[in-house]
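Below: the structure, in structure tokens.
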Amino acid sequence: MGSSAADKALNLLRYLPRVCLANIRDNPGAVKKSRRGRGQHGGDYHGDGNKGSGQRQNFMRLGYETGNNPFYLRFPWEPYYKGHHLRRQYPPLSLEQLQLFVETNRVDASKPIDLVSIMNTGLYQIFPDKHQFGVHLTDEGADLFKCKVNIEVQWASELVIASVEKAGGTITTAYYDQHSLQAMINTKKFFERGIPIPRRMMPPPDAIEYYSDPCKRGYLADPEEISKERLVLSQKYGYVLPNIEKDKDYTLLTERKDPRQIFHGLHPGWVVNLKDKTILKPQNEDLKEYYAS
Amino acid sequence: MLGRLMLFRPIVVNIAKQTLKNVQLSNVIVKPQVKNFSFSTAGNITLNQPKLLSNPRIQSLANNIIPARTVTKYSYRKGKRKSVKTVLQRFYRLAWGGWIRTKCGRNKRLWKKSSARKRRLRQHVFCNATQSTLLDKMVGSYWRTPKYYVDDPYEPYHVRDEFSITSKKPRPYFPPEK
């Protein structure tokens, strides 16, 4: 009747949790217990030697070199980290990754792409409290970029702008302050708080030049100037500029947010009620004026 | 004699300024002894010497300054590990874990160094693995996380994709030429 015992064991095993690292025993000899042996088994000074640091276990502090001029004090100062707490960070996203997002339907290219839609992929993160201010679209994969998109990023180089526009798309660089970013990184969580959508703040003085520059496709730049710069850039990089005025997606490609707006289709001051699926808008004239200014 | 007098005047003024500064800094109740410094002559200098350096309180302050340049493992208030400030003033950490530094004597006795040597002194060099490990231990986790600055002058050095052993991204595929 040995088979019945095996059956029982197998039956038992069926109801036991799966074998994993948390519930298996160590290999024999894997864990070596520390022993303070006597005599010939490592006794005498127990490996610490006679006299000195070893025996007294006075571990030296980090970097101390027993009287030498320590390595960490030896070299002249250099302002490597000067002003680091004020510098804005923009975590990179490459054109190659963006193309992958579009082709794998992580991002819907039939709508304007902004930070919210990039965050919604779950493959990109930013932390506003770590002084990160949004997407830096980098030029990796610029030669192979083929997506026609209307994208809004926070930082882009000239090559990136050229490759997006060569593919028939449009690109805008836009600034979001930290409160706006906090609302954008997790929209569901933000709407559940039941507070009105804040109005987007203007860029700080050191960024306003960048975001009002038509060469950088800044969101505060004159649209006329931008269309002029599009042509200039196409001539610089030597490609035929696709005519977006005759494109069937003209409205998609030219859709822009207001400089005070955070979400597409939602205005500052509105409250989104996810439970009742309603939107509450401010009625007070003062409030309207505040959110419009 | 007149020339000498003219020479001394600015020195006296400097001393008076220094003493004022010192008094403000250390909050010690010591008044500068120099009076009418603009009219003091060369002979008066020794008489009007400030007694700051011989002041016992100042001496005790100066002797009891303990430079805190070591790592704090557990701070008094929060029990947190603290960075060694001087490491961050002298070294820079690259995102792959390497540290760079300046060279010793790059500002010293440049008149007697050859142009090639001065050029070498201007360069920034890597620390070795042992030193980098030590410096990693001496700073907090904030300094060990990568930073995504735009227009960062050290940008090309933060990744080592040019070496097959250290590269992180897969190598781009180039189809064989026909």
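All chains are named by letter (A, B, ...) in the order of the sequence lines, taking the proteins before the strands, and each is independently numbered beginning at 1.
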I'd like to know whether CD of E209(A) has more than 12 heavy-atom contacts from other residues, nucleotides or ligands below 6.0 angstrom.
no
Under a 4.5 Å heavy-atom cut-off, does chain A meet the side chain of K103(B), its backbone, both or neither?
backbone
Would you confirm whether the ring centroid of F91(B) sits within less than 6.0 angstrom of the ring centroid of F71(A)?
yes
Relative to the ring of Y81(A), is the ring of Y92(B) parallel (under 30°), tilted (30 to 60°) or perpendicular (over 60°)?
tilted
Is the shortest distance from a Lys or Arg side-chain nitrogen in E140(A) or K169(B) to a carboxylate oxygen in the other one below 4.0 Å?
yes
Would you say that more than 12 heavy atoms from the other residues, nucleotides or ligands in this model lie under 6.0 Å from the NE2 of H179(A), or not?
no
Separation between CD of Q89(B) and NZ of K82(A), rounded to the nearest 0.5 Å
12.5 Å
How close do V84(B) and Y72(A) get, heavy atom to heavy atom, and via which atoms?
CG1-CE1, 4.0 Å
Does the side chain of K130(A) reach to within under 4.5 Å of the side chain of K147(B), using non-hydrogen atoms?
no
Heavy-atom pair with the smallest gap, counting every atom of C104(B) and P76(A):
CA-CD, 4.1 Å
What part of K108(B) gets within 4.5 angstrom of chain A, counting heavy atoms only: side chain, backbone, both, or neither?
neither
Assess the residue pair H131(A) and Y149(B) against the criterion (ring-ring contact (aromatic ring centres under 6.0 Å, His included)); give the C-alpha distance rounded to whole Å, side-chain angles, the decisive distance to 0.1 Å, and a yes or no.
CA-CA 10 Å; H131(A) 228 65; Y149(B) 300 127; 9.0 Å; no
R74(A) atom CZ, neighbour heavy-atom count above 12 within 6.0 Å:
yes
Is it true that, when you exclude E162(B) itself, more than 12 heavy atoms of the residues, nucleotides or ligands shown sit nearer than 6.0 Å to its CD?
yes
Under a 4.5 Å heavy-atom cutoff, which of G63(A), P79(A), S157(A) has the most pairs with chain B?
G63(A)
In terms of heavy-atom contacts, does NZ of K80(B) have more than 12 from other residues, nucleotides or ligands at under 6.0 Å?
no
Nearest heavy-atom approach of V150(B) to R87(A) is O-NH2, 4.5 Å
Should we count NZ of K82(B) as having more than 12 external heavy atoms under 6.0 Å?
no
Between Y142(B) and H84(A), does any side-chain donor sit less than 3.5 Å from a side-chain acceptor?
yes
Okay, L135(B) and chain A: the region with an atom under 4.5 Å from a heavy atom over there is side chain
I'd like to check I100(B) versus Y80(A) (side-chain heavy atoms, cut-off strictly below 4.5 Å). Are they in contact?
yes
Where is the tightest heavy-atom contact between D151(B) and W155(A), given as atom of each residue plus distance?
OD2-CZ2, 4.0 Å
So, does R90(B) use its side chain to make a donor-acceptor pair with the main chain of F75(A) at under 3.5 Å?
yes
Starting from the C-alpha separation in whole Å, work towards a yes-or-no answer on side chain to side chain contact (heavy atoms under 4.5 Å, CB included) for Y148(B) and Q132(A).
CA-CA 8 Å; Y148(B) 304 109; Q132(A) 297 178 352; 4.0 Å; yes
Starting at CG of L62(A), measure out to OG1 of T133(B) and round the result to the nearest 0.5 Å.
11.5 Å
